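Have a look at the structure below, then the notes.
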Amino acid sequence: MLEKNFDPKTAESRLYAMWEASGAFAPTSDPAAEPFSIVIPPPNVTGSLHIGHALNNTLQDVLIRFERMRGKAALWLPGTDHAGIATQMVVERQLAAAGNVSRRDMGREDFIAKVWEWKAESGGTITNQLRRLGASCDWSRERFTLDDGLSAAVRKVFVTLHKQKLIYRDKRLVNWDPHFQTAISDIEVEQREVDGHYWHFAYPLEDGSGEIVVATTRPETMLGDTAVAVHPTDERYKHLIGRAVRLPIVGRPIPIIADEYADPEKGSGAVKITPAHDFNDYQVGKRNNLPMINILTDDAKINENGPKDYQGLDRFAARKKVIAAFEELGLLREVEKTRHAVPHGDRSGSVIEPYLTDQWYVDAKTLAQPAIKAVEEGRTVFEPRHWEKTYFEWMRNIEPWCVSRQLWWGHRIPAWYGPDGKIFVEETEAAAQAAAREHYGRDEPLRQDEDVLDTWFSSGLWPFSTMGWPEKTSDLERFYPTSTLVTGFDIIFFWVARMMMMGLHFMGDVPFNRVFINALVRDAKGAKMSKSKGNVMDPLELVDQYGADALRFTLTAMSGQARDIKLSTQRIEGYRNFGTKLWNATRFTEMNGCARAEGFDPALVKNTLNRWIVGETARTVQSMTKALDACAFDDVANGLYRFIWNTYCDWYVELAKPILNGADEAAKAETQATAAWALDVILKMLHPVMPFLTEELWAQTSDLGAARAEGMLITARWPDLAESLVDAAADAEIGLIIAAVSEGRSVKAELNVPHSARPPLLVVEANDAQRAVFEANAAVIAQTLRVSELQFVASAPEGAIPFVVNGATLALPVAEFIDLAAERARLAKEIAGHASDIAHVNKKLGNPAFVANAKEEVVEENRERLAESEAAKAKLEHALSLLEAVV
RNA sequence: GGGCGGCUAGCUCAGUUGGUCAGAGCACCUGGUUUACACCCAGGGGGUCGGGGGUUCGAGCCCCUCGCCGCCCA
């Protein structure tokens, strides 16, 4: 006998261990099985599971479990990302906290050893947390972006792209993060609106004949100014073009040039040009052959190109000093308050400086073309579809991808420099030396590039590098392209786009056929969860509190197509209750001898109620299968909820009670068998979303009745029930019973008939078929509606309360209890309802254009509806008139 | 400035190709010792589907326009 409640705390770890030990997570080796594969978006190895991971991985697990049960060779390939900056940051912080020497004092080798040490200790945290969630990943295939195989893949890709001239070295402005002292890519830059100022500076003309005013939000950059630009058509300045101003503080004469970049509408119309420290100015500088003066050090202090008394000053201190100097010189014309966007590093949070450096670039524009085409042609489909616009938008305007990072933790760039600076890009040092020997005609000492690659470079290879590429492995053969990628929209640029480019280039095929973009989880108020706001919900705490299944079900139910999910514990609690409901329904069936019958065939059941639930079950299987195929996760959750609670528990079990307690042994046996059968189907359908509870119920009911053909639920076969199991006659019959009971309950409740009262239910008027249903089901209706019996009468006695169900008139003789006013109100309400319906339909049918243009079946439907409503209204009006007569 | 998404019951959201589509869950109100479940059962109130205009026999669903809100990119 089942306990009263499911206990997730003890069951979850036990069941997970059982699954894992059984090998159920690995794809079946059956060569005939169709492959279905998902690669996990590798979480940062430093990370711990947040609610976004919980959602993302729940959805992947739902798909994997579904396809596994369907008999496919389902592979969910897990792993983690070395996460260059993030990890380096964590370890550096730890070193600092422990009072250790800094990274730089420690040296590269020792520091990296420290990181690996840290990874060995803490790197398993997040994968263990995924296990708590129930994720059925194939852990035997787990990968890490910095493991040997993936590192080899990275080198191969880099060298190949270099030889194809799709990777090159270039000197240009990059986004420089002074905190980490590395370049970062455009998409790692976050624009933040901040309060700032426009400082209007006067630059005196060199000949002393006047001045020209420019404005800037970054005064310190004036130290690197090499021109002032005005618009070529700007009449105010035309006469000054070609002349020069003397740059205050610095004393350098700089030219006044004509360039369309200057906007006559903005400020004075003249703009200072600092080619080495501003992206727009850089373009202007290139167009006009201006010198580019870098005035900053790697850590954003003024370098030797600045005036003596500025050298070594931090950029913000230098800013203050520049402003003070202008004020002193009497050249500060105006200070204007402004709000403007300032670039920040998404990891460091520090202000990014445009900075002129040598970096490695990937020719993303070229690689993007096939990636754009693949989505245009539908070889990869985004779900929801509208994300394709975002993808195209970015891909069509893609910039060269800066892939070098001045960090230590990551894939060292496989490039070696000869004594003369000649670059040898090879997969190994030995190969580079060989190439150098070839080039120089002798051995020369080589120096490897100090930089590492952007983390996203290795994650871009993830769908094939994890399967063993560049080796030709059987996994690649079988599971590439992967079936579906499930990820968040925030990394469409970072990750999805890069995988598309790399996959197409190196595998000649898309990395995945479908990309499901999941929503972003927010708190109950819709705010983004963040540690600083203190509104973070820890998924593991929620698992502790409500069980993994409840959390999974909640996330599944809420993952519609909307961008945001607003998560509240109330919701989780409700779905925890849903699990308990199913648990207790199972407990009920167990108590009532429901057990699998040997050779049970749902097509052969005779009892109407059983035929009905068989049909409803088949319908649900079909809609759930369809919804899962379409990644309509919310439909899955809602459909299961409704079927299990409102159909199986509320009606099937309730209507089955009289049979289970009755004397008709044949009907009883059939009902016991059908209830058990339907429950098994339910467990299967619910398993992908609530794996723990269902597996536990599956186990606990395993010895009830005939043995199951299948072992554990996780590997049981997904149900396949034919549409033909739906029986229209059974639907109509049970539908009438449900309608009669519901309406009868409503009447009793509205008239405040005491709960203990047991009037008979009078069948006043009904067609032959309906009469037969009422006769056959009198006992069930009587028990469920809590009436004494059913009586068939020619007309309703005085004071009986009539109600209309599917055209039949029923009545409850409860005159002694009723409040006349209440009854009058009830009737009036019903009549009004029908009246408005009639008016609505009449208006339609009265419109000749409607009858002429609308589809025949629509017109017919409306005619029927009108007739029904009119009949019902007439009956109720008659009842009301009788009531008035009594009074 | 450009792009994308949203605006449906008090709250959170569903509403496929326009024709019972005005729904669900929660919240709220009323009643309940129905021997599976109070993590329960039964019943109930509540929305002119952001505003305006248009197409259509018919629009929450299509078009235009305006207004907010959010996100992304400049």
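Just the heavy atoms: all of them, side chains too, but no hydrogens, waters or symmetry mates, feed the values below. Chain naming here is simple, since letters A, B, ... match the order of the sequence lines and numbering starts at 1 in each. This one's a predicted model, so the numbers in the text were calculated from it and none came from an experiment.
Classification of A:Asp278 and A:Arg218 as a salt-bridged pair holds, one side-chain N sitting under 4.0 Å from a carboxylate O. Note on A:Arg396 versus A:Glu376: salt bridge recorded, some NZ/NE/NH1/NH2 to OD/OE distance being below 4.0 Å.
The distance from atom CG of A:Asp634 to atom P of B:G15 is 6 Å, rounded to the nearest whole Å. Rounded to a whole Å, the CD1 atom of A:Ile644 is 16 Å from the C1' atom of B:G25. As a whole-Å value, the separation of A:Ile572 CD1 from B:U12 P is 17 Å. For the pair A:Asn646 CG and B:G25 C1', the interatomic distance rounds to 11 Å; values are reported in whole Å. One atom, CG of A:Leu555, and another, P of B:G25, lie 20 Å apart when rounded to the nearest Å. Distance CZ (A:Arg571) to P (B:U12): 12 Å, rounded to an integer number of Å. Computed from coordinates, the A:Tyr391 OH to B:C4 C1' distance equals 17 Å when rounded to whole Å. Atom pair A:Glu393:CD and B:C4:P shows a separation of 8 Å (rounding to whole Å applied).
One P atom belongs to B:G23, the other to B:U48, and the distance between them is 14 Å to the nearest Å. Here the separation of B:A24 from B:G46, taken at their C1' atoms, is 15 Å to the nearest Å. Across the P atoms, B:C13 and B:G70 are found 15 Å apart, a figure rounded to whole Å. Remark: the separation of the C1' atoms in B:U33 and B:A14 is 37 Å, to the nearest Å. Across the P atoms, B:C63 and B:C26 are found 35 Å apart, a figure rounded to whole Å. Here the separation of B:A27 from B:A42, taken at their P atoms, is 15 Å to the nearest Å. Across the P atoms, B:G6 and B:A22 are found 23 Å apart, a figure rounded to whole Å. Only the C1' atoms considered, B:U12 is 22 Å distant from B:U16, to the nearest whole Å.
Between A:Trp387 and the options A:Phe489, A:Phe493, A:Phe392, a ring-ring contact (aromatic ring centres under 6.0 Å, His included) holds for only A:Phe489.
Residue pairs meeting the side-chain hydrogen bond (donor to acceptor under 3.5 Å, both in side chains) criterion with at least one partner in residues 573-590 of chain A, sequence neighbours excluded, are A:Arg571-A:Tyr575. Residue pairs satisfying the ring pair (Phe, Tyr, Trp, His ring centres under 6.0 Å) criterion with at least one member in residues 736-757 of chain A, sequence neighbours excluded, are absent.
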- [ ] Step by step, work out the ring pair (Phe, Tyr, Trp, His ring centres under 6.0 Å) result for A:Phe6 and A:Phe692.
- [x] CA-CA 10 Å; A:Phe6 174 56; A:Phe692 292 112; 7.9 Å; no
Task: A:Asp731/A:Arg619 under side-chain contact (heavy atoms from CB on, under 4.5 Å): CA gap, chis, key distance, verdict - done: CA-CA 12 Å; A:Asp731 270 2; A:Arg619 259 203 272 261; 2.6 Å; yes
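Residue A:Lys389 places its side chain closer to B:C4 than to any other of B:C4, B:A14, B:U12.
Legend: residues meeting side-chain contact (heavy atoms from CB on, under 4.5 Å) with A:Glu190, ordered by chain and number and at least two apart, are A:Arg192, A:Asp346.
For A:Tyr575 and A:Phe493, each mapped to the nucleotide of RNA chain B holding its nearest heavy atom, the one lying further toward the 5' end belongs to A:Tyr575.
When only modelled atom types and interatomic distance are considered, A:Gln545 and A:Glu541 share no side-chain donor-acceptor pair under 3.5 Å.
At least one donor-acceptor pair under 3.5 Å links the side chain of A:Arg596 to the backbone N or O of A:Ser702.
Proximity of A:Leu790 to A:Pro760: side-chain heavy atoms (C-beta onward) are nowhere separated by under 4.5 Å.
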Open item on the list: Does the protein touch nucleotides 30-42 of chain B at the base, only the backbone, or not at all? Give it as B, S and - per nucleotide, heavy atoms under 4.0 Å.
Closed with: --S-B-BBSBSSS
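For RNA chain B, none of the residues of residues 672-682 of chain A falls under the heavy-atom distance limit of 4.0 Å.
Note that OG1 of A:Thr556 is 9.5 Å distant from CG of A:Asp634, once rounded to the nearest 0.5 Å. The CD1 atom of A:Ile184 sits 5.5 Å away from the CG atom of A:Asn175 when rounded to the nearest 0.5 Å.
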Open item on the list: In dot-bracket form, 5' to 3', how is RNA chain B paired? Count Watson-Crick and G-U wobble pairs only if both distances fall under 3.5 Å, and write | where the partner sits on another strand.
Closed with: (((((((..((((.....[...)))).(((((.......))))).....(((((..]....)))))))))))).
